[in-house]
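Everything on this sheet refers to the single structure shown next.
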Number of protein chains: 2
Amino acid sequence: MSERVVPEEGRRRRRPTKQGTVLSERLIVDTALRLIGEHGAGALTVRRLGASLGADPSALYRYFRDTDDLLLAVADELIGRTLRRFRPTGAWRADLRTLGLMMHADYQAHPQAALLTCARVTGRAYEIQAVETILGILRGAGFPDAEAVRVYHVFVDQTLSFAALDAATLALPAGAREAEEGAWRGTYARLPAQSHPHIAATAPVLVAEMGRSGYPAALEMVLAAAQARLGAVRSPGPPPPGARAAVPGRGPG
Amino acid sequence: MSERVVPEEGRRRRRPTKQGTVLSERLIVDTALRLIGEHGAGALTVRRLGASLGADPSALYRYFRDTDDLLLAVADELIGRTLRRFRPTGAWRADLRTLGLMMHADYQAHPQAALLTCARVTGRAYEIQAVETILGILRGAGFPDAEAVRVYHVFVDQTLSFAALDAATLALPAGAREAEEGAWRGTYARLPAQSHPHIAATAPVLVAEMGRSGYPAALEMVLAAAQARLGAVRSPGPPPPGARAAVPGRGPG
DNA sequence: CACGTTATGACAACACCGTTGACCTGGAAA
DNA sequence: TTTCCAGGTCAACGGTGTTGTCATAACGTG
C-alpha cells in the first residue's frame, strides 16, 4: 500500500461516487466540520464521514493519510477562519481582547479539532500571520521588545489553553457533561458548613460561576497586569513585588 | 445488569483472580496511571488494563461503572498527589503561587494522564478538598465572596489549562516535538524584516521565550491583577465594576 | 472515435475497542 | 456444615480505524 494519498493539486481524474458526489479535499474538510458542528463530539468517524459524503469510508484514504492528517487540515482551516475576520482598530487593549475572544469562540465551535490542534506549532501561513499581528499590536502600544514577547507568549498560550480546556468540556459525551454540571449543584452545593465552611459560604456564587468559561475574566486580568507594566515602563519607578519572580521554567523541550 | 458496581467500603469478599492478584479500586487506579505513563494515553484500554492486572477485562466493571468513571478516579488521584504535599503559610499570594506551580509540575510528571483528566470535574474527595483550600486562602486574604470565587475560577482553570497545554507538548512523539522546536529556530527566526518586521525584530527573544512554558508568567500576571483588585476593595475609592462590600473572611482551611 | 492506462472508488476483511448477559465458584456468614 | 451471593470469567455484540484487492470510469493519445 505505502502511498495511496495524492496531493490535491495533482489530481486529474475526478470520478463521482456511487451516490453521485465528486470528492475533493475541500469538500471532505467542510463536511467534517459540518458533521462536528451538527452532531457533536463523537460524530466524526471515518465511517460516518464517508456516509455523509455518500462515499465508501476507505475512499477518504485517497485524500488523507489517516484521521490525524484529516484533523490537521481541519485545524488549518479553523485558524484561517478566525484570522480572516479580525479587523484591528489601533487600540491595543481592545484589539487583544477582541482577538482573544474571537479565537476562543471559533475554537469552541469545533471542540475536538481544537483539542487535537491547539498545542501544535504548525509554522504555516496563518499561524505566522497571527504572530506578526499580535507582536505588532504590542510593539505599537509601546511595549519594549522583551516585554512584548513575554506578553505575547502569555496571551497566546492562555487563549489556546483555555480554548482547549473549554473545548474538552464541550467535546464530552452528553452524559458526562451533565454529570459535571450536576457535580456542582448536587455535590458542592450540599456540603455542610461545618466540614467545608468556604464552599458552603460561597455555594450559590460558585455554582453560577463554574458553569461558564473562566477565559473572559482571565483575559481581563492579564490585560490589566499588562497595562500596569506598560505604565511602569513609561514612568519608571520601583517595580511591583513579584513582577519578575524567579520561578522554574519548563526547560528546553 | 443495571448495577454491578459496589462501593469500595462495602466490599467484603475479596476473591483472587485466576492469575492470583487481588483487585481493589486503589490497585486498579495505580495500574492505570502506570499504564498511561509507560505506554501513552492510548494504552489505557479496558482490555489492556485487565491484562496488566492479571484479570478479565470485564472484572473492572465490578469496580467502575465505565471507563469514564475510572478516568475520574485517576483524575482525583492526580489532584491528591499535589494536595498531600501542600503546606500553606498564610501569605495568600505566596500560597497560591506555590500551589499553582506545584500542580503544574505534578501534572507535567504525568503528561498523558493530565491530558485525559484535567478538564474533568470529579466531585470526589481530593477535588473537594482543593476547592475548599483555595477558597479559604482567598477569603482569608479578605476577598469578598463573589470576588474570591471569580479569582478561584481563573486560578484553577488557568492552572489546569496550562497544565494541559504543556502536557500536550510533552506528550507529543519525539519527532513532532523536535519539529516544533525547529519551527521557531528554522522558520520564525529566518523571516525577512520586510515582510514580517515585528517577528524579525524580536526573533532572538521569541525563540528563547517560546521554548519554555508561559504558565509562570501568566500566573504572576493574574496574581498581580488580583492584588490590585484586593487593594481597591480595602481602600475604597471608585470600586471596580462588579466588586462588592468586603466581608470578614475566615482563616485558611 | 476507440484504446489502453491508471487513478480512484468499492468491497471485504482484520484487529482492535467498550460493554453486557449468563455462568460459575469460592469466601463469608449463620 | 450449609447456604448464598459477590465477584471473577466467558462469549458475544456492535462499533471503530485501517488496508489488500478488485473493478471501472475518466483521461491522454492515436
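Every chain is numbered from 1 and lettered A, B, ... according to where its sequence line falls, protein lines coming before strand lines. Values below: every heavy atom of this structure, side chains too, minus hydrogens, waters and symmetry copies.
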Relative to the 5' end of DNA chain C, which residue comes earlier, B:R48 or B:P16, by the nucleotide with the nearest heavy atom?
B:R48

Taking only N and O in the side chain of B:K18, is any of them less than 4.0 Å away from OP1 or OP2 of C:dT25?
no

Without decimals, in angstroms, what is the distance between A:D69 CG and D:dT19 P?
12 Å

If you look at every strand shown and take non-hydrogen atoms under 4.0 Å, does B:A59 touch a base, only sugar-phosphate, or nothing?
base

Taking N and O atoms by type only, does the side chain of B:R15 place a donor or acceptor under 3.5 Å from a partner on the base of D:dG8?
no

Would you list the atom pairs, donor with acceptor, under 3.5 Å between side chains in residues 50-58 of chain A and any protein atom, with sequence neighbours excluded?
from	atom 1	to	atom 2	distance (Å)
A:D56	OD1	A:S58	N	2.9
A:D56	OD1	A:S58	OG	2.6

Would you indicate, yes or no, if D:dT18 has its OP1 or OP2 atom less than 4.0 angstrom from a side-chain nitrogen or oxygen of A:T67?
yes

Measure the distance from CG on B:L70 to P on C:dT19 and round it to the nearest whole Å.
10 Å

If you look at every heavy atom in A:A163 and A:Q108, which pair is closest and at what distance?
O-NE2, 3.2 Å

Quick one: does A:R47 reach the base of D:dG15 with a side-chain donor-acceptor pair under 3.5 Å?
no

Flag the pair B:Q158 / A:M221 as yes when at least one side-chain heavy-atom distance between them is below 4.5 Å, and no otherwise.
no

How long is the line joining OH of A:Y61 and C1' of C:dA7, in whole Å?
19 Å

For C:dG9, does OP1 or OP2 lie under 4.0 Å from any side-chain N or O of A:T17?
no

C:dG26 C1' sits how many Å from B:L23 CG, rounded?
15 Å

Using whole Å, what does the distance between atom P of nucleotide C:dT8 and atom CG of A:L53 come to?
16 Å

Can you tell me whether the side chain of B:S58 and the base of D:dC10 have a donor-acceptor pair closer than 3.5 Å?
yes

Do A:R34 and A:D30 sit within salt-bridge range, that is, some charged N less than 4.0 Å from a carboxylate O?
no

Any B:Y63 side-chain nitrogen or oxygen under 4.0 Å from OP1 or OP2 of D:dG8:
yes

Identified salt bridge (Lys or Arg N to Asp or Glu O under 4.0 Å) counterpart of A:D106 within the set A:R81, A:R85, A:R84:
A:R85

Rounded to the nearest Å, what distance is computed from the CG atom of residue A:L49 to the C1' atom of nucleotide D:dT18?
15 Å

What integer distance in Å separates B:D56:CG from D:dC10:P?
6 Å

Taking CZ from B:R62 and C1' from C:dA22, how many angstroms apart are they, rounded to a whole number?
11 Å

Would you indicate what B:P57 reaches in the nucleic acid, counting non-hydrogen atoms under 4.0 angstrom: base, sugar-phosphate, or nothing?
nothing

